[in-house]
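For reference, the structure is listed below as C-alpha coordinates.
Here is the naming used below: chain letters follow the sequence lines, and residue numbers restart at 1 for every chain. The figures here come from the full heavy-atom set of this structure, side chains too, leaving out hydrogens, waters and symmetry mates.
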Protein chains: 2
Amino acid sequence: MNVLSQNTTIEETSELFQTIASAARLEILLAIGAGEACVCHLESMLGYRQAYISQHLMALRKAKIIESRREGRYIYHRLRKPELLDVIRQAAAFTDSKTLAAPTPAKDCCCPKCIS
Amino acid sequence: MNVLSQNTTIEETSELFQTIASAARLEILLAIGAGEACVCHLESMLGYRQAYISQHLMALRKAKIIESRREGRYIYHRLRKPELLDVIRQAAAFTDSKTLAAPTPAKDCCCPKCIS
DNA sequence: ATAACATATTCAAGAATATGAATGTGTTAT
DNA sequence: ATAACACATTCATATTCTTGAATATGTTAT
(Lines give C-alpha, C1' and ligand atoms only; values in the text may rest on other atoms or scores of the structure.)
Protein backbone atom coordinates (compact mmCIF):
# COMPACT_ATOMS: atom_id res chain seq x y z
CA MET A 1 0.00 0.00 0.00
CA ASN A 2 2.51 2.45 1.20
CA VAL A 3 4.91 4.08 -1.19
CA LEU A 4 7.65 2.59 0.92
CA SER A 5 6.14 -0.81 1.47
CA GLN A 6 9.15 -2.42 -0.14
CA ASN A 7 12.17 -2.58 2.04
CA THR A 8 14.36 -1.93 -0.92
CA THR A 9 12.73 1.45 -1.42
CA ILE A 10 13.26 2.33 2.20
CA GLU A 11 16.88 1.36 1.88
CA GLU A 12 17.33 3.41 -1.25
CA THR A 13 15.56 6.37 0.24
CA SER A 14 17.71 6.27 3.33
CA GLU A 15 20.79 6.10 1.12
CA LEU A 16 19.63 9.12 -0.82
CA PHE A 17 19.16 11.06 2.40
CA GLN A 18 22.52 9.91 3.62
CA THR A 19 24.20 11.20 0.52
CA ILE A 20 22.61 14.64 0.61
CA ALA A 21 22.74 15.01 4.38
CA SER A 22 25.67 17.37 4.23
CA ALA A 23 25.63 21.14 4.07
CA ALA A 24 28.49 21.25 1.58
CA ARG A 25 26.79 18.72 -0.64
CA LEU A 26 23.49 20.61 -0.54
CA GLU A 27 25.28 23.80 -1.47
CA ILE A 28 26.94 22.05 -4.37
CA LEU A 29 23.66 20.58 -5.60
CA LEU A 30 21.94 23.94 -5.39
CA ALA A 31 24.84 25.63 -7.13
CA ILE A 32 24.70 23.15 -9.97
CA GLY A 33 20.95 23.68 -10.07
CA ALA A 34 19.06 22.60 -13.14
CA GLY A 35 22.01 23.38 -15.38
CA GLU A 36 25.56 22.21 -15.17
CA ALA A 37 28.72 23.49 -13.53
CA CYS A 38 32.44 22.91 -13.57
CA VAL A 39 34.48 22.61 -10.44
CA CYS A 40 36.06 26.03 -10.78
CA HIS A 41 32.60 27.49 -10.90
CA LEU A 42 31.65 25.77 -7.67
CA GLU A 43 34.99 26.72 -6.22
CA SER A 44 34.52 30.45 -6.79
CA MET A 45 30.85 30.27 -5.94
CA LEU A 46 31.11 28.43 -2.67
CA GLY A 47 34.61 29.22 -1.53
CA TYR A 48 35.68 25.66 -0.88
CA ARG A 49 38.97 24.10 -1.92
CA GLN A 50 39.10 22.26 -5.22
CA ALA A 51 39.87 18.85 -3.78
CA TYR A 52 37.13 19.21 -1.23
CA ILE A 53 34.55 19.88 -3.91
CA SER A 54 35.83 17.07 -6.07
CA GLN A 55 35.54 14.67 -3.19
CA HIS A 56 31.91 15.56 -2.70
CA LEU A 57 31.23 15.36 -6.42
CA MET A 58 32.77 11.91 -6.36
CA ALA A 59 30.37 10.84 -3.63
CA LEU A 60 27.41 12.30 -5.52
CA ARG A 61 28.50 10.55 -8.67
CA LYS A 62 28.91 7.28 -6.87
CA ALA A 63 25.38 7.69 -5.55
CA LYS A 64 24.17 8.25 -9.11
CA ILE A 65 22.91 11.68 -8.23
CA ILE A 66 25.05 13.54 -10.73
CA GLU A 67 26.64 12.85 -14.08
CA SER A 68 29.76 14.36 -15.52
CA ARG A 69 30.81 15.33 -19.01
CA ARG A 70 34.20 16.52 -20.14
CA GLU A 71 34.62 19.41 -22.54
CA GLY A 72 38.23 20.26 -23.17
CA ARG A 73 39.91 20.58 -19.83
CA TYR A 74 36.71 21.42 -18.08
CA ILE A 75 34.40 18.82 -16.66
CA TYR A 76 30.78 19.77 -16.29
CA HIS A 77 28.60 18.19 -13.66
CA ARG A 78 24.85 18.06 -13.70
CA LEU A 79 22.02 16.45 -11.80
CA ARG A 80 20.83 13.23 -13.33
CA LYS A 81 17.36 14.21 -12.25
CA PRO A 82 16.75 17.88 -11.53
CA GLU A 83 13.66 16.87 -9.56
CA LEU A 84 16.09 16.33 -6.73
CA LEU A 85 15.93 20.06 -6.26
CA ASP A 86 12.25 19.71 -5.43
CA VAL A 87 13.03 17.19 -2.74
CA ILE A 88 15.59 19.53 -1.26
CA ARG A 89 13.35 22.56 -1.47
CA GLN A 90 10.47 20.74 0.15
CA ALA A 91 12.70 19.64 2.99
CA ALA A 92 13.96 23.19 3.38
CA ALA A 93 10.41 24.48 3.49
CA PHE A 94 9.56 21.86 6.08
CA THR A 95 12.48 22.97 8.15
CA ASP A 96 11.65 26.63 7.86
CA SER A 97 7.92 26.80 8.46
CA LYS A 98 7.36 27.59 12.08
CA THR A 99 3.78 26.40 12.09
CA LEU A 100 3.51 23.14 13.88
CA ALA A 101 0.76 20.80 12.84
CA ALA A 102 -2.22 20.37 15.12
CA PRO A 103 -1.67 17.39 17.40
CA THR A 104 -3.58 14.46 16.07
CA PRO A 105 -5.31 12.62 18.89
CA ALA A 106 -5.65 9.01 17.93
CA LYS A 107 -4.77 5.66 19.32
CA ASP A 108 -5.28 2.01 18.76
CA CYS A 109 -2.25 -0.11 19.06
CA CYS A 110 -2.41 -3.44 17.27
CA CYS A 111 0.51 -5.01 19.11
CA PRO A 112 -0.04 -8.33 20.93
CA LYS A 113 -0.70 -6.71 24.28
CA CYS A 114 -3.22 -4.25 23.00
CA ILE A 115 -5.38 -6.50 20.87
CA SER A 116 -5.00 -9.90 22.49
CA MET B 1 16.50 34.39 -4.01
CA ASN B 2 16.87 30.76 -3.38
CA VAL B 3 14.88 28.99 -0.73
CA LEU B 4 18.18 28.00 0.76
CA SER B 5 19.97 31.30 0.39
CA GLN B 6 20.50 31.44 4.13
CA ASN B 7 23.23 29.21 5.37
CA THR B 8 21.23 28.49 8.47
CA THR B 9 18.51 26.87 6.37
CA ILE B 10 21.04 24.74 4.59
CA GLU B 11 22.43 23.66 7.91
CA GLU B 12 19.01 22.83 9.25
CA THR B 13 18.05 20.97 6.12
CA SER B 14 21.19 18.91 6.22
CA GLU B 15 20.51 18.11 9.85
CA LEU B 16 17.00 16.99 9.00
CA PHE B 17 18.33 14.71 6.28
CA GLN B 18 20.96 13.40 8.64
CA THR B 19 18.35 12.49 11.19
CA ILE B 20 16.08 10.65 8.79
CA ALA B 21 18.87 9.06 6.77
CA SER B 22 18.38 5.69 8.39
CA ALA B 23 16.20 2.84 7.25
CA ALA B 24 15.10 2.03 10.78
CA ARG B 25 14.19 5.63 11.44
CA LEU B 26 12.23 5.91 8.20
CA GLU B 27 10.34 2.76 9.07
CA ILE B 28 9.51 4.18 12.46
CA LEU B 29 8.34 7.48 11.02
CA LEU B 30 6.15 5.72 8.48
CA ALA B 31 4.77 3.42 11.15
CA ILE B 32 3.85 6.35 13.33
CA GLY B 33 2.33 7.99 10.30
CA ALA B 34 -0.07 10.83 10.80
CA GLY B 35 -1.37 9.39 14.06
CA GLU B 36 0.56 8.32 17.08
CA ALA B 37 2.12 5.10 18.28
CA CYS B 38 3.55 3.55 21.39
CA VAL B 39 6.80 1.65 21.46
CA CYS B 40 5.16 -1.73 21.76
CA HIS B 41 3.21 -0.98 18.62
CA LEU B 42 6.38 -0.18 16.73
CA GLU B 43 8.03 -3.18 18.27
CA SER B 44 5.43 -5.63 17.01
CA MET B 45 5.05 -3.82 13.75
CA LEU B 46 8.69 -3.59 12.80
CA GLY B 47 10.23 -6.44 14.68
CA TYR B 48 13.01 -4.46 16.31
CA ARG B 49 14.04 -4.71 19.94
CA GLN B 50 12.50 -2.27 22.37
CA ALA B 51 15.72 -0.51 23.32
CA TYR B 52 16.67 -0.13 19.70
CA ILE B 53 13.42 1.61 18.89
CA SER B 54 13.65 3.82 21.93
CA GLN B 55 17.10 4.88 20.93
CA HIS B 56 15.87 5.99 17.56
CA LEU B 57 12.87 7.72 19.08
CA MET B 58 15.27 9.54 21.34
CA ALA B 59 17.23 10.79 18.34
CA LEU B 60 14.05 11.86 16.57
CA ARG B 61 12.88 13.67 19.66
CA LYS B 62 16.20 15.42 20.05
CA ALA B 63 15.90 16.55 16.45
CA LYS B 64 12.43 17.94 17.22
CA ILE B 65 10.87 15.65 14.67
CA ILE B 66 8.57 13.87 17.07
CA GLU B 67 6.83 14.66 20.33
CA SER B 68 5.87 12.28 23.08
CA ARG B 69 2.96 12.11 25.46
CA ARG B 70 2.48 9.75 28.35
CA GLU B 71 -0.83 8.09 29.07
CA GLY B 72 -0.66 5.66 31.93
CA ARG B 73 2.25 3.44 31.40
CA TYR B 74 2.20 3.92 27.68
CA ILE B 75 3.98 6.71 25.93
CA TYR B 76 2.64 7.79 22.57
CA HIS B 77 4.88 9.32 19.97
CA ARG B 78 3.75 11.44 17.09
CA LEU B 79 5.22 13.58 14.34
CA ARG B 80 5.39 17.22 15.27
CA LYS B 81 4.62 17.97 11.65
CA PRO B 82 2.99 15.21 9.62
CA GLU B 83 4.15 17.02 6.47
CA LEU B 84 7.39 15.22 7.04
CA LEU B 85 5.69 12.24 5.45
CA ASP B 86 5.40 14.22 2.24
CA VAL B 87 9.11 14.90 2.25
CA ILE B 88 9.79 11.22 2.71
CA ARG B 89 7.31 10.14 0.08
CA GLN B 90 8.66 12.59 -2.43
CA ALA B 91 12.17 11.31 -1.84
CA ALA B 92 10.96 7.74 -2.20
CA ALA B 93 9.25 8.64 -5.47
CA PHE B 94 12.42 10.30 -6.67
CA THR B 95 14.35 7.19 -5.83
CA ASP B 96 11.90 4.89 -7.55
CA SER B 97 11.15 6.60 -10.82
CA LYS B 98 13.42 5.17 -13.44
CA THR B 99 12.94 8.03 -15.87
CA LEU B 100 16.03 10.16 -15.95
CA ALA B 101 15.61 13.79 -16.79
CA ALA B 102 16.68 15.03 -20.17
CA PRO B 103 20.24 16.33 -20.01
CA THR B 104 20.21 20.08 -19.85
CA PRO B 105 22.88 21.50 -22.11
CA ALA B 106 24.01 24.82 -20.71
CA LYS B 107 27.19 26.50 -19.68
CA ASP B 108 28.55 29.82 -18.61
CA CYS B 109 30.80 29.71 -15.67
CA CYS B 110 31.17 32.94 -13.75
CA CYS B 111 34.35 32.00 -11.92
CA PRO B 112 37.37 34.33 -12.16
CA LYS B 113 38.99 32.45 -15.03
CA CYS B 114 35.88 32.30 -17.14
CA ILE B 115 34.71 35.89 -16.91
CA SER B 116 37.92 37.84 -16.31
C1' DA C 1 58.47 17.27 -24.84
C1' DT C 2 57.34 20.46 -21.20
C1' DA C 3 54.59 23.28 -18.51
C1' DA C 4 50.36 25.01 -16.86
C1' DC C 5 45.87 24.03 -15.81
C1' DA C 6 41.37 21.71 -14.32
C1' DT C 7 40.10 18.12 -11.97
C1' DA C 8 40.20 13.32 -9.83
C1' DT C 9 41.94 10.03 -6.60
C1' DT C 10 44.29 8.10 -2.64
C1' DC C 11 45.58 8.12 2.12
C1' DA C 12 45.19 8.66 6.82
C1' DA C 13 43.69 10.31 11.23
C1' DG C 14 40.17 12.25 13.79
C1' DA C 15 35.06 12.79 14.42
C1' DA C 16 30.63 11.13 14.34
C1' DT C 17 27.25 7.21 14.15
C1' DA C 18 25.22 2.79 15.02
C1' DT C 19 23.91 -0.61 17.96
C1' DG C 20 24.19 -4.58 21.52
C1' DA C 21 24.14 -5.05 26.37
C1' DA C 22 22.99 -3.58 30.68
C1' DT C 23 20.47 -0.82 33.66
C1' DG C 24 17.44 2.98 35.23
C1' DT C 25 12.71 5.32 35.71
C1' DG C 26 7.88 6.03 36.06
C1' DT C 27 3.27 3.57 36.40
C1' DT C 28 -0.10 0.25 37.72
C1' DA C 29 -1.64 -3.80 40.13
C1' DT C 30 -1.53 -6.54 44.27
C1' DA D 1 5.91 -2.18 49.68
C1' DT D 2 6.66 -5.30 45.95
C1' DA D 3 6.36 -6.94 41.44
C1' DA D 4 5.39 -6.55 36.67
C1' DC D 5 5.31 -3.73 32.87
C1' DA D 6 6.38 -0.05 29.25
C1' DC D 7 9.80 2.54 28.16
C1' DA D 8 14.19 5.55 28.53
C1' DT D 9 18.99 6.09 29.20
C1' DT D 10 23.83 5.04 29.60
C1' DC D 11 27.91 2.80 28.10
C1' DA D 12 31.18 0.94 25.14
C1' DT D 13 32.86 -0.69 20.85
C1' DA D 14 32.82 -1.41 16.01
C1' DT D 15 31.95 0.92 11.80
C1' DT D 16 31.34 4.72 8.90
C1' DC D 17 32.09 9.49 7.53
C1' DT D 18 34.77 13.62 7.09
C1' DT D 19 38.28 16.24 5.46
C1' DG D 20 43.22 17.98 5.04
C1' DA D 21 47.26 16.75 2.58
C1' DA D 22 49.50 14.82 -1.07
C1' DT D 23 49.54 13.11 -5.53
C1' DA D 24 47.85 11.44 -10.00
C1' DT D 25 45.42 12.05 -14.56
C1' DG D 26 43.86 14.08 -18.73
C1' DT D 27 44.03 18.43 -21.65
C1' DT D 28 45.84 22.38 -23.93
C1' DA D 29 49.42 25.61 -25.07
C1' DT D 30 54.18 26.35 -26.25
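- Contact check, R49(A) against dT19(D): no side-chain N or O comes under 4.0 Å of OP1 or OP2.
- At whole-Å resolution of the value, CG in L46(A) and P in dT19(D) are 14 Å apart.
- Q18(A) comes within contact range of the sugar-phosphate backbone alone, with a heavy-atom separation under 4.0 Å but no base atom that close.
- Ring planes of H56(B) and Y52(B): perpendicular class, angle over 60° (limits at 30 and 60°).
- Taking only side-chain nitrogens and oxygens, H41(B) never comes nearer than 4.0 Å to OP1 or OP2 of dC7(D).
- Each of M58(B) and L46(B) belongs to its own hydrophobic cluster when Ile, Leu, Val, Met, Phe, Trp and Tyr are linked at side-chain heavy-atom distances under 4.5 angstrom.
- Atom P of nucleotide dA8(C) and atom OH of Y76(A) are separated by 12 Å, given to the nearest angstrom.
- Contact between the side-chain N/O atoms of H77(B) and the OP1/OP2 oxygens of dA8(D) is found at a separation under 4.0 Å.
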Intermediate values then yes/no, side-chain contact (heavy atoms from CB on, under 4.5 Å), I75(A) and L57(A): CA-CA 11 Å; I75(A) 297 181; L57(A) 288 175; over 6 Å; no

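- Using a cut-off of 4.0 Å between Lys/Arg side-chain N and Asp/Glu carboxylate O, E71(A) and R69(A) are scored as salt-bridged.
- Among the heavy atoms of the strands lying under 4.0 Å from R70(A) are primed sugar atoms or P, OP1, OP2 only; no base atom is included.
- dG20(D) atom C1' lies 12 Å from atom NE2 of H56(A), rounded to whole Å.
- Remark: P of dT18(D) and CD1 of I20(A) are 13 Å apart, rounded to the nearest angstrom.
- Minimum heavy-atom separation, C38(A) to Y76(A): N-CD2, 3.8 Å.
- Among the heavy atoms of the strands lying under 4.0 Å from A51(B) is at least one base atom, whether or not backbone atoms are also near.
- Atom pair E71(A):CD and dT27(D):P shows a separation of 13 Å (rounding to whole Å applied).
- Q50(A) contributes a side-chain N or O that forms a donor-acceptor pair with the base of dA8(C) under 3.5 Å.
- Atom-to-atom, CD1 of I66(A) to P of dT7(C) comes out at 13 Å; the value is rounded to the nearest Å.
- Separating the CE atom of M58(A) from the P atom of dT10(C) is a distance of 7 Å, rounded to the nearest angstrom.
- Across the interface with DNA chain D, nearest-nucleotide mapping of R25(A) and G72(A) shows R25(A) to be the residue nearer the 5′ end.
- Applying the 4.0 Å criterion to OP1 and OP2 of dT9(C), one finds that R61(A) has a side-chain N or O inside that range.
- Following rounding to the nearest Å, Y52(A) (OH) and dC17(D) (P) show an atom-to-atom distance of 15 Å.
- Residue order along DNA chain D, read from the 5' end via each residue's closest nucleotide, puts V39(B) first among Q55(B) and V39(B).
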